[in-house]
Amino acid sequence: MPRLSEVIAELDALWPPERAEGWDAVGTVCGDPDQEVTRVLFAVDPVREIVEEAVKLGADLLVTHHPLYLRGTTTVAASTFKGHVVHTLIKNDIALHVAHTNADTADPGVSDALAGALDLRVVRPLVPDPSDPAGRRGLGRVCELDHPLTVRELAARAAERLPATAQGIRVAGDPEALVRTIAVSGGSGDSLFDDVRAAGVDAFLTADLRHHPASEAVARTTEAAATPLALLDAAHWATEWPWCELAAAQLDEISDRKGWDLRVHVSKTVTDPWTAHAASTTATENLGAPN
């Protein structure tokens, strides 16, 4: 069985920590470099439910996309939410490793996994990494569909292929407009609208779209007399979960190549914070403020 330090070295080769954003907190949060690793669990969030799942599974290593501590802290007391997570991990000899923005821009990375889940053909990064001479790394992906779909059909595909959440898929734009090209970005994406417009795509699928940036994005394409940009807004967790399957497959391949015989798992626990959705109406003519 490999030691933790050997497994982490391979994970850092997949997602080099130096490629993370300066504000990010990636890498190993806890764990003994000399401990043996036999079972690994991948998940999006290092929350209590996931840590308890790792304990029940008998995992030695938990790999998550989101950091546990994104900002500094002065305590890991078990009476705090995050401190309890740290105590549980250490008591059960479970290491925690984080790959966040360094996995977002990797080749393949988070948006490649999102595109793959939707059967989209990746053409190029949406925001290329200038340090990559091959032009394959970067944030988001510009993709093509195998055949045109309406926005409504594309939203239905996303709702079917991505993990189910209370939010589902929200749409801005004409539901009957045809989509041939689309930009995707796992996680929060409304800071990328300038790049999306420059890419000239028909639609943009991401998460956490806010009112004003979304309204401006749709209005600006209309004012420019270009084809209006359609927006598909999915749950943040749902757009990043496909990466867990991709990452697990990458570690499986490394394990086979090195003869490690690791048992690699992907958590299917839904850690999206939204738990219910009450639709206002399904009739377009009834949308709007009460009379």
Heavy-atom side-chain contact between [X] and [Y] under 4.5 Å:
{"X": "L251", "Y": "L11", "answer": "yes"}
{"X": "D24", "Y": "L70", "answer": "yes"}
{"X": "V47", "Y": "V51", "answer": "no"}
{"X": "V40", "Y": "V63", "answer": "yes"}
{"X": "V196", "Y": "L229", "answer": "yes"}
{"X": "I182", "Y": "D202", "answer": "no"}
{"X": "H97", "Y": "L61", "answer": "yes"}
{"X": "W15", "Y": "Q250", "answer": "yes"}

Inter- and intrachain pairs under salt bridge (charged side-chain N to carboxylate O under 4.0 Å, His left out), touching residues 171-195, at least two apart
R152-E176, D190-R210, D194-R197, D194-R220
Does one hydrophobic cluster hold both [X] and [Y], with members joined at side-chain heavy-atom distances below 4.5 Å?
{"X": "I254", "Y": "F42", "answer": "yes"}
{"X": "L41", "Y": "V29", "answer": "yes"}
{"X": "V98", "Y": "V85", "answer": "yes"}
{"X": "V201", "Y": "L178", "answer": "no"}
{"X": "I8", "Y": "L96", "answer": "no"}

Strictly distance-based, threshold 3.5 Å: is any side-chain N or O of [X] a donor or acceptor partner for the main-chain N or O of [Y]?
{"X": "D12", "Y": "P16", "answer": "no"}
{"X": "Q167", "Y": "D233", "answer": "yes"}
{"X": "E52", "Y": "E49", "answer": "no"}
{"X": "T206", "Y": "S185", "answer": "yes"}
{"X": "D272", "Y": "W274", "answer": "yes"}
{"X": "T28", "Y": "C30", "answer": "no"}
{"X": "R39", "Y": "L57", "answer": "yes"}
{"X": "D104", "Y": "N102", "answer": "no"}
{"X": "E153", "Y": "T150", "answer": "yes"}
{"X": "R170", "Y": "L232", "answer": "no"}

Qualifying ring-ring contact (aromatic ring centres under 6.0 Å, His included) pairs, either residue in residues 164-215, two or more places apart:
F193-F204
Give every residue pair that meets the ring-ring contact (aromatic ring centres under 6.0 Å, His included) criterion with at least one member in residues 69-88, sequence neighbours excluded.
none
Which pair of non-hydrogen atoms, one from [X] and one from [Y], has the smallest distance, and what is that distance?
{"X": "L246", "Y": "G109", "answer": "CD2-O, 3.6 Å"}
{"X": "S111", "Y": "R141", "answer": "CB-CG, 3.7 Å"}
{"X": "C244", "Y": "A43", "answer": "SG-C, 3.5 Å"}
{"X": "A99", "Y": "A103", "answer": "O-CB, 3.7 Å"}
{"X": "P163", "Y": "W237", "answer": "CB-CZ3, 3.3 Å"}
{"X": "A238", "Y": "T165", "answer": "CB-CG2, 4.0 Å"}

Show, in sequence, the C-alpha distance, side-chain angles and deciding distance for K258 and E10, and conclude whether the salt bridge (charged side-chain N to carboxylate O under 4.0 Å, His left out) test is met.
CA-CA 11 Å; K258 290 184 170 290; E10 295 297 330; 3.5 Å; yes
Return yes when atom CG of D146 has more than 12 non-hydrogen atoms of other residues, nucleotides or ligands closer than 6.0 Å, and no otherwise.
yes
Could you give the distance from [atom1] ([X]) to [atom2] ([Y]), rounded to the nearest 0.5 Å?
{"X": "L205", "Y": "L162", "atom1": "CG", "atom2": "CG", "result": "7.0 Å"}
{"X": "L154", "Y": "I169", "atom1": "CG", "atom2": "CD1", "result": "9.0 Å"}
{"X": "T64", "Y": "I50", "atom1": "OG1", "atom2": "CD1", "result": "9.5 Å"}
{"X": "W260", "Y": "E6", "atom1": "CH2", "atom2": "CD", "result": "6.0 Å"}
{"X": "L120", "Y": "D112", "atom1": "CG", "atom2": "CG", "result": "11.0 Å"}
{"X": "H100", "Y": "T105", "atom1": "NE2", "atom2": "OG1", "result": "11.0 Å"}

Test S255 against R263 for side chain to side chain donor-acceptor pair (under 3.5 Å), laying out the working first.
CA-CA 9 Å; S255 174; R263 286 162 286 179; over 6 Å; no
Taking ring pair (Phe, Tyr, Trp, His ring centres under 6.0 Å) as the definition, give me every residue that meets it alongside H265, ordered by chain and number, with sequence neighbours left out.
none
Output all residues satisfying ring pair (Phe, Tyr, Trp, His ring centres under 6.0 Å) with H236, sequence neighbours left out; order by chain, then residue number.
H66
Residue pair V142, T181: steps toward the side chain to side chain contact (heavy atoms under 4.5 Å, CB included) verdict
CA-CA 7 Å; V142 174; T181 59; 5.5 Å; no
Charged N to carboxylate O below 4.0 Å: is that the case for R257 and E253?
yes
Ion pair check, D119 and R161, cut-off under 4.0 Å
yes
Would you check, one step at a time, whether the test side chain to side chain donor-acceptor pair (under 3.5 Å) holds for D60 with T38?
CA-CA 6 Å; D60 309 293; T38 61; 2.7 Å; yes
Would S131 and R137 count as having a side-chain donor-acceptor pair, cut-off 3.5 Å?
yes
Go through it in stages, so that I can follow the logic: the residues are R3 and D34, the test is salt bridge (charged side-chain N to carboxylate O under 4.0 Å, His left out), and I'd like the CA-CA distance, side-chain angles, deciding distance and then a yes or no.
CA-CA 5 Å; R3 293 178 300 162; D34 291 325; 3.2 Å; yes
Can you sort out the partners of E144 under salt bridge (charged side-chain N to carboxylate O under 4.0 Å, His left out), two or more places apart, ordered by chain and number?
R121
Given side chain to side chain donor-acceptor pair (under 3.5 Å), test T269 with E53 step by step and report yes or no.
CA-CA 9 Å; T269 301; E53 181 179 347; 2.7 Å; yes
Determine whether L231 and V218 satisfy the following criterion, side chain to side chain contact (heavy atoms under 4.5 Å, CB included), listing intermediate values before the conclusion.
CA-CA 8 Å; L231 304 179; V218 174; 3.8 Å; yes
